[in-house]
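Notes for the one structure printed next.
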2 protein chains.
Amino acid sequence: MTVPNPTTASRPLPPTASPLFLREDEIRRGIELLYFGYSSMIRGADAILDREGFGRAHHRALYFIARRPGLPVGDLLRLLAITKQSLGRVLTELQSRSLVEQAIGTTDRRQRLLRLTPAGTALEASLFAELETGMASAYGEAGQSAVTGFWSVLIGLIPAQDRALVESLRQG
Amino acid sequence: MTVPNPTTASRPLPPTASPLFLREDEIRRGIELLYFGYSSMIRGADAILDREGFGRAHHRALYFIARRPGLPVGDLLRLLAITKQSLGRVLTELQSRSLVEQAIGTTDRRQRLLRLTPAGTALEASLFAELETGMASAYGEAGQSAVTGFWSVLIGLIPAQDRALVESLRQG
DNA sequence: GATTTGGGACAGTCATGTTGACATATCTTG
DNA sequence: CAAGATATGTCAACATGACTGTCCCAAATC
């Protein structure tokens, strides 16, 4: 723990409480806004998913395959941080609905490279549009420098050894 | 929809694609960092929850009761945005483990006002410490102005009619 | 007195995660 | 080339935390 231990409730208001108290409130505010912001962002896509008979797990798979066409199964597994069995069920469903297809890896023939079919691309685009609506208006309200701060705090939340994985998604 | 519809993949690189393309990448970066940042933040508490035989639903209930001692069940329901039945099970478990207790409402005797027992306070404090570790170091790395931006983008993600609920948690 | 509201409880279902074991194809290395 | 490591898929069994729908009681409000 890099910080002294502030207990939560009924602190008896010591004379010098103010900075520590404010800090805890700032931490709690971050926790809460992150929780509600995240929940709000994904809520928009849920109606589409329901209509299609899918859940959030399907959405996450579609999202990352859209983002990185040709993604091997193992990479997707590491991104989602779930077990092979959980992912397997989701991928089987997406493939049986012809939203995702596989190709044998070129350099490593053990790999199955995932990509969206045209139907999958269309569904992912409609899901993305839902998220985008909220995110774009939040960016617009907050302004560019706020967006930079938003990113940098979130990056700081990700353990150092996981950051490369996230950065690997970036545009290129 | 407040924005034109940018489709995701295989856009045939029109001459003026660059600004739109960059914007989509910025939106996707926000989506991804929010997903990974949120996941990273809560992952720390999971080990404690496992050890106690609880799940994230219990954590969320403990968190909000700690944050607003004397919270009525209905308010907690609105914060968590789950059904009464789902919350009921969680509260029953927390009460049977003597972490949460109820009192009859003073102004409205139908209400059940929730608060943590000393044991509940201790557990919540240990869970909070896990979240705090990550959040405090992310704040420290990013700096105060980034934190402000972080908050303001997240607030922008929350639908206007829900913001009052979130703000009602603030310190006071 | 009638209706609404706050809370609780029942049964049943579903989505999504888990563990552990095992199979197959392919790549890498001694 | 043989042996081991890796990428993937698949099975059974299970846990959690959501859901819907229905019903109930007590207290507040009209």
Side-chain angles (χ1 to χ4, degrees), chain A residues 35 38-39 42-43 45-65 70-97 100-115, chain B residues 35 38-39 42-43 45-65 70-97 100-115:
Chain A
Y35 170 68
Y38 178 74
S39 301
I42 55 182
R43 199 149 292 152
D46 285 349
I48 297 175
L49 292 168
D50 270 13
R51 196 185 318 143
E52 298 288 331
F54 290 130
R56 289 180 183 173
H58 302 87
H59 187 183
R60 289 192 286 270
L62 286 172
Y63 180 91
F64 288 118
I65 298 170
L71 190 75
V73 171
D75 286 10
L76 184 53
L77 227 32
R78 278 181 286 276
L79 283 168
L80 297 175
I82 59 176
T83 58
K84 196 169 45 162
Q85 294 73 9
S86 293
L87 178 58
R89 181 177 31 207
V90 169
L91 284 182
T92 300
E93 288 167 10
L94 291 173
Q95 286 170 341
S96 76
R97 292 268 298 268
V100 166
E101 58 191 9
Q102 287 186 344
I104 304 261
T106 49
T107 64
D108 184 339
R109 290 172 46 83
R110 292 170 304 180
Q111 291 183 328
R112 298 295 174 270
L113 307 182
L114 302 167
R115 61 184 63 248
Chain B
Y35 170 68
Y38 177 74
S39 302
I42 55 182
R43 197 150 294 151
D46 285 348
I48 296 177
L49 292 168
D50 270 13
R51 197 186 318 143
E52 298 287 332
F54 289 130
R56 290 180 183 173
H58 302 86
H59 186 185
R60 289 193 286 269
L62 286 171
Y63 180 92
F64 287 117
I65 298 169
L71 190 74
V73 173
D75 286 10
L76 183 54
L77 226 33
R78 278 181 285 277
L79 283 168
L80 297 174
I82 59 176
T83 59
K84 195 170 45 162
Q85 294 73 10
S86 295
L87 178 58
R89 181 182 29 208
V90 169
L91 285 182
T92 300
E93 288 167 10
L94 290 173
Q95 285 170 340
S96 76
R97 291 270 298 268
V100 166
E101 57 192 11
Q102 286 186 345
I104 304 264
T106 49
T107 64
D108 185 338
R109 289 171 46 81
R110 292 170 304 178
Q111 290 184 330
R112 297 295 175 270
L113 307 183
L114 302 167
R115 60 183 64 249

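In what follows, chains are A, B, ... by sequence order, proteins preceding strands, each numbered from 1.
Taking atom CG on A:Asp50 and atom P on C:dA15, their separation rounds to 10 Å, with Å as the unit. What separates NZ of A:Lys84 from P of C:dC22 is a distance of 14 Å, to the nearest Å. C:dG7 atom P lies 8 Å from atom CZ of B:Arg112, rounded to whole Å. In this structure, CZ of A:Arg110 is placed 12 Å from C1' of C:dT24, rounded to the nearest angstrom. The nearest whole Å value for the distance from the CD atom in B:Gln111 to the C1' atom in C:dG6 is 7 Å.
Contact of A:Arg89 with C:dG17 (side chain to base): a donor-acceptor pair of N or O atoms is detected under 3.5 Å. With hydrogens and angles left out, the side chain of A:Gln85 and the base of C:dG20 share a donor-acceptor pair within 3.5 Å.
Scanning DNA chain D 5' to 3' for nucleotides with an atom closer than 4.0 angstrom to a non-hydrogen atom of chain B gives a first and last hit of D:dG17 to D:dA28.
The residue among B:Leu113 and A:Val90 whose nearest nucleotide of DNA chain C is located toward the 5' end is B:Leu113. In terms of position on DNA chain C, the residue among A:Asp108 and A:Phe54 whose nearest nucleotide sits closer to the 5' end is A:Phe54.
Ionic pairing of A:Arg43 and A:Asp46 is not present here: no N-O contact between side-chain nitrogen and carboxylate oxygen is shorter than 4.0 angstrom.
Using a 4.0 Å heavy-atom distance criterion, B:Gln95 is classed as making no nucleic acid contact. Residue B:Gly74 is in sugar-phosphate contact alone, with no base atom involved, counting any heavy-atom pair closer than 4.0 Å across all strands shown. Using a 4.0 Å heavy-atom distance criterion, A:Glu93 is classed as making no nucleic acid contact. Using a 4.0 Å heavy-atom cutoff across all strands shown, A:Gly55 reaches sugar-phosphate atoms only and no base atom.
Side-chain contact between A:Leu114 and A:Gln102: present, with at least one pair of heavy atoms (C-beta onward) separated by less than 4.5 Å. At least one side-chain heavy atom of A:Phe54 sits under 4.5 Å from a side-chain heavy atom of A:Leu94.
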